[in-house]
Amino acid sequence: MDVKRSIRRKDDEFQAFGKRVITSHFFKIIMICAVGSNAFLTALWTSYDIRYRLFRLLEFSEIFFVSICISELAMKVYVDPTDYWKDGYNVMDVVIIIIIFLPYTTRRFLGKQFTYLYVADGMQSLRILKIIRYSQGIRMMISAMRQTVYTVASVLLLLFLLMYIFGILGFCLFGSQDRGDYDNWGNLPVAFFTLFSLATVDGWTDLQKQLDNRGFALSRAFTIIFILLASFIFLNMFVGVMIRYTEDSIKKFEQERTLERKMTLMEEKQVILQRQQEDISRLMHMQKNADCKSFSELVENFKKTLRHTDPMVLDDFATSLAFIDIYFSTLDYQDMTIHKLQELYYEIAHVLGLVLEDLPQKKPQSLEKVAKMKDKT
């Protein structure tokens with residue numbers, strides 16, 4: 001027996017209420033507004049003039065944002081304390097809360113003159129990552145990037161090998177201290193930086209001009225070959241891999257949304273069925289004190305109380321959405337089949353008419369006999 005089944009909570013109703021709250025659309029809107037407003041105020045905080053004039057507002061917004069984040073964490077841990085830590089986005093939220101308290105703890109224990117205090121302040125920009133949880137499009141892109149890790153790593157490894165080969169070659173050709181371009185090709189790290197600029201086609205004409213001024217004959221062939229391999233092949237290959245996996249993630253995301261809508265419709269149907277069953281049970285209970293002589297008369301009285309806008313769901317396969325969809329698709333296919341058969345019949349009749357026109361016509365037997373008698377005479 002697992003831990004979940006062995007431990008039974010006594011606050012199931014309050015737990016269900018908390019789950020409805022944190023999964024509601026209104027709660028998501030509140031969190032998105034809180035994160036967005038805090039990001040905007042953080043951008044204003046970067047101005048010393050605005051920070052001095054709006055100090056109280058910025059301080060109050062900070063307390064408000066921290067309170068909301070802690071309340072969200074407490075509610076989610078209360079609703080599901082075991083599975084909460086299995087979700088990577090939940091772990092990211094905990095890390096963000098730790099980062100939020102990092103400047104305060106640093107000033108409290110290490111003092112305001114701590115050397116790396118500005119690093120803790122700069123890490124507050126990571127707060128905006130909380131919006132990832134409430135954006136399905138961003139989660140879809142992250143899922144696509146997670147699927148492309150192995151393929152992208154292979155492409156980057158090939159690009160690194162290419163840059164290593166051309167880096168050693170560029171150092172040997174152009175890295176001489178006497179008459180070479182020592183600033184751009186003087187050692188392997190500098191050559192790597194130069195090759196990265198060539199791969200991104202950023203300022204490559206200036207680099208090539210410096211090589212031309214020093215009279216290197218092979219510099220143009222070297223630059224053109226590397227740009228063709230690195231920029232037009234490897235970088236485009238990287239983009240192609242990302243586009244491919246992004247399309248797969250979009251298809252998977254659409255399938256999940258379709259399945260989610262179907263599950264929502266089924267849940268609504270079950271709710272309507274349950275409500276109707278409760279109404280019937282209540283009417284059956286009221287039958288004892290009513291003037292109805294039979295159940296059919298009770299049903300007729302129940303129908304009279306219904307309005308034309310009240311939904312009626314029958315728990316039958318013939319009334320399900322899946323059956324209706326299949327039925328209409330079958331009718332469409334039947335109409336298409338009959339139309340194609342009619343076209344085929346018309347073509348057969350046309351071909352038979354052409355064949356009959358091409359056959360030789362036979363003369364009547366009476367005319368043949370008269371012609372023979374004339375020949376004998």
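What you see below is based on every heavy atom in this structure, not just the backbone, and it leaves out hydrogens, waters and symmetry mates.
Among all heavy-atom pairs drawn from Ala120 and Pro103, the shortest one is O-CG, 3.7 Å. Residues Ser125 and Gly122 share a closest heavy-atom pair of OG-O, 3.0 Å. Of all non-hydrogen atoms in Asn184 and Thr194, the two that sit nearest each other are O-OG1, 2.7 Å. Here the closest non-hydrogen pair linking Leu195 and Phe226 is O-CE2, 3.2 Å.
Hydrophobic clustering keeps Trp185 apart from Phe171 (ILVMFWY residues linked when any side-chain heavy atoms are closer than 4.5 Å, directly or through intermediates).
Phe222 has its ring centre less than 6.0 Å from the ring centre of Phe174. Under the 6.0 Å cut-off for aromatic ring centres, Tyr78 and Phe14 qualify, their centroids lying closer than that. With ring centers used as reference points, Phe160 lies under 6.0 Å from Phe192.
Judged by distance alone, the side chains of Thr42 and Gln124 never bring a donor and an acceptor atom under 3.5 Å apart.
The residues Asp87 and Arg133 are annotated as salt-bridged, a charged nitrogen and a carboxylate oxygen being separated by less than 4.0 angstrom. Lys340 has no carboxylate O lying under 4.0 Å from a charged side-chain N of Glu343, or vice versa, which leaves the two without a salt bridge. Electrostatic pairing of Lys209 and Asp212 does not count as a salt bridge here, judged by no charged N lying under 4.0 Å from a carboxylate O. Taking a cutoff of 4.0 Å between a charged side-chain nitrogen and a carboxylate oxygen, Arg127 and Glu62 qualify as a salt bridge.
Listed for the Ser61 side chain is a donor-acceptor partner under 3.5 Å among the backbone atoms of Leu58. The backbone N or O of Leu102 lies less than 3.5 Å from a partner atom in the side chain of Thr105, making a donor-acceptor pair.
Put simply, the side chain of Leu229 reaches to within 4.5 Å of the side chain of Phe166, judged on heavy atoms. Annotation: side chain of Leu159 is not in contact with side chain of Phe196 (no heavy-atom distance under 4.5 Å). At a threshold of 4.5 Å between non-hydrogen side-chain atoms, the residues Asp83 and Asp80 count as touching. Side-chain contact check for Phe232 versus Ile227: some heavy-atom pair is nearer than 4.5 Å.
Rounding to the nearest 0.5 Å places SG of Cys69 at 8.0 Å from CD1 of Ile96. One finds the CZ atom of Phe27 at 5.0 Å from the CD atom of Glu72 (value rounded to the nearest 0.5 Å). Note that CD1 of Ile132 and OH of Tyr89 are 7.0 Å apart. Values are rounded to the nearest 0.5 Å.
Residues satisfying the salt bridge (charged side-chain N to carboxylate O under 4.0 Å, His left out) test with Asp206, not counting sequence neighbours, are none.
Annotation: Phe64, atom CZ; neighbour count of heavy atoms from other residues, nucleotides and ligands within 6.0 Å does not exceed 12.
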